[in-house]
Amino acid sequence: MTFTAVNPASGETLGEVPEWDERLLDAALSEVAAATPGWAALPVVQRCEQLRVVAQVLRDNLEEYARLITQEMGKLIRESRAEIEKCAHACDYYAEHGPAFLHDEEIASDAGLSYVAYLPLGTVLAVMPWNFPFWQVFRFAAPGLVAGNTAVLKHASNVPKCALAIEDVFRKAGFPQGVFRTLMIRASQVKKAIEDPRVHAVTLTGSEPAGRSVAAVAGASLKKTVLELGGSDAFIVLEDADLDLTVQNAVAARFLNAGQSCIAAKRFIVVDAVAEDFVARFKAGVEALQPGDPMDENTTLAPMARADLRDDLHRQVQESIAAGAVATTGCEPIAGAGAFYQASILDSVGPGMRAYQEELFGPVAIVIRARDEADALRIANESSYGLGGSVWTRDAQRGERLARQVQSGCTFVNGMVKSDPRLPFGGVKSSGYGRELSHHGMHEFVNAKTIWIK
Ligand code: NAP
């Protein structure tokens, strides 16, 4: 059996990568277990130096890795280049700040000396999605490796070449054998890996069902988890918003990566006073997007990553229209080769429609009209998700007040939601739990150990 890499822009098969059986999984876990004590024993600064080499390898091979991402999951080549640079930046960030984040923290108590030491947990298993096939991995690996953990990766089935290329980054950077391994296993083998005593913790980025399944297995094995799951971020437009700025960001925030980002703006909640104006301008911006070859610098709308995902999205759209939503533009697959879907707007979305309740993971913006600010907030918080969100208003204080009331892991005022190594990232409600990035992300997978000396 093999993993098949397919170019979603053309439908052409790029190659096959053999799947692992249990014997190969066992051998890899043994290799990682053998490497774990030595890696943990290295001084933090030495691990940081190695991570700087990783950043260099990423930059030296940026074009090759960017092409691989675009070929395997379809995003625009300039977005792929930016993704590799972002990975290198995160490595630099943790190489610089790791020693301070992991420094012993002295705390006055009844002891002669008491402090918290941040020690590694062991081996962290990462179950990762295809939408940012490098970034999602480096986002967990950079802080985890600096903290002294070793890492094993189960990547999404449709990006097997990226999965192997990432392992090769660490090889090129001179990491000891077994500190980072890619496991070529299926989702059905993840349970076995989690239950294995050589795995000590699990981080999953992906859908809600995958999160529930992995958390249940990890819970039964009493292993720490971080879950970064789906989102349906609110993009709240108030009547005093600067509409030029708002619309420009609305298009970018929804259609980056063909709409396949967890923190994409998915629900445009617009107060009635500006709804017509906003939708008219937004429609013009959306209709200007140009689908095409993602390797072509002039293309502005990428294909979706897989044809089956496009079919699922179209079913959500059709059923929402049948329930009363209005197709303002697009809302159809694009005929021909590749998994392209029209840049779309569904207006007048309301309760009871799939688009109101569910995450739409593709190039479809939904507009929900609100009476006023209070109504917009009520709608924003009616979602089962709570990943990110944004508020658009000329009054920054008003925006801040509202931002604090949106139930999410982050809310931006007059800015598109993005991740940044300096700031914690994660969700509430069905978007998961735990944090990545910043010192919060690093501290998820350490033993905060108390040392007490009389
Ligand atoms: P997915 O189907 O859940 O897959 C994610 C990973 O989980 C893949 O490696 C997948 O393996 C694996 N997996 C799936 N079901 C599993 C199970 N029952 N047990 C163990 N592993 C399992 O998600 P996706 O379609 O690739 O990604 C899209 C979703 O991820 C969206 O909901 C998006 O919002 C979310 N996401 C969240 C964040 C965040 O930071 N919060 C970031 C990016 C994406 P296979 O590929 O082999 O099935």
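For ligands, and for the atoms within them, numbers begin at 1 and follow the listed sequence.
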Is the shortest distance from a Lys or Arg side-chain nitrogen in Asp168 or Arg171 to a carboxylate oxygen in the other one below 4.0 Å?
yes

Verify atom 4 (O) of ligand 1: protein non-hydrogen atom under 4.0 angstrom away:
no

Using the six-membered ring wherever Trp is involved, compare the ring planes of Tyr93 and Phe101 and label them parallel, tilted or perpendicular (cut-offs 30° and 60°).
tilted

At under 4.0 Å between heavy atoms, is it the side chain or the backbone of Leu309 that contacts ligand 1, or both, or neither?
neither

What I want to know is whether Leu229 and ligand 1 share at least one N or O pair that is separated by under 3.5 angstrom.
yes

Option whose closest heavy atom lies nearest to atom 23 (O) of ligand 1, chosen from Gly427, Pro209, Gly432, Ser207:
Ser207

Tell me the contacting part of Gln260 for ligand 1: side chain, backbone, both, or neither, using a 4.0 Å heavy-atom threshold, strictly below.
neither

Would you kindly check if the NZ (Lys) or CZ (Arg) of Lys161 is within the cone defined by 45 degrees around the ring axis of Phe3 and under 6.0 Å from the six-membered ring centre?
no

Under 4.0 Å between heavy atoms, the region of Asn158 that gets near ligand 1 turns out to be neither

Under 4.0 Å from any heavy atom of Asn131, which atoms of ligand 1 are there?
43 (C), 44 (C)

Just say parallel, tilted or perpendicular for the rings of Phe175 and Phe170, cut-offs at 30° and 60°.
perpendicular

Identity and separation of the nearest protein heavy atom to atom 40 (O) of ligand 1:
Arg139 NH2, 2.8 Å

Under-4.0 Å heavy-atom contact with ligand 1, by part of Ile263 that carries it
neither

Relative to ligand 1, is Thr205 under 4.0 angstrom through side chain, backbone, both or neither, heavy atoms considered?
both

Side chains of His314 and Tyr341: do they bring a donor and an acceptor to under 3.5 Å?
yes

For atom 6 (C) of ligand 1, what is the closest protein heavy atom, and at what distance to 0.1 Å?
Met128 O, 3.5 Å

Could you identify the single nearest non-hydrogen protein atom to atom 19 (N) of ligand 1 and state the distance to 0.1 Å?
Ser213 OG, 3.6 Å

Just heavy atoms, cut-off under 4.0 Å: does Phe425 contact ligand 1 by side chain, backbone, both, or neither?
side chain

Which ligand 1 atoms does Val190 reach within 4.0 Å, using its non-hydrogen atoms?
20 (C), 21 (N)

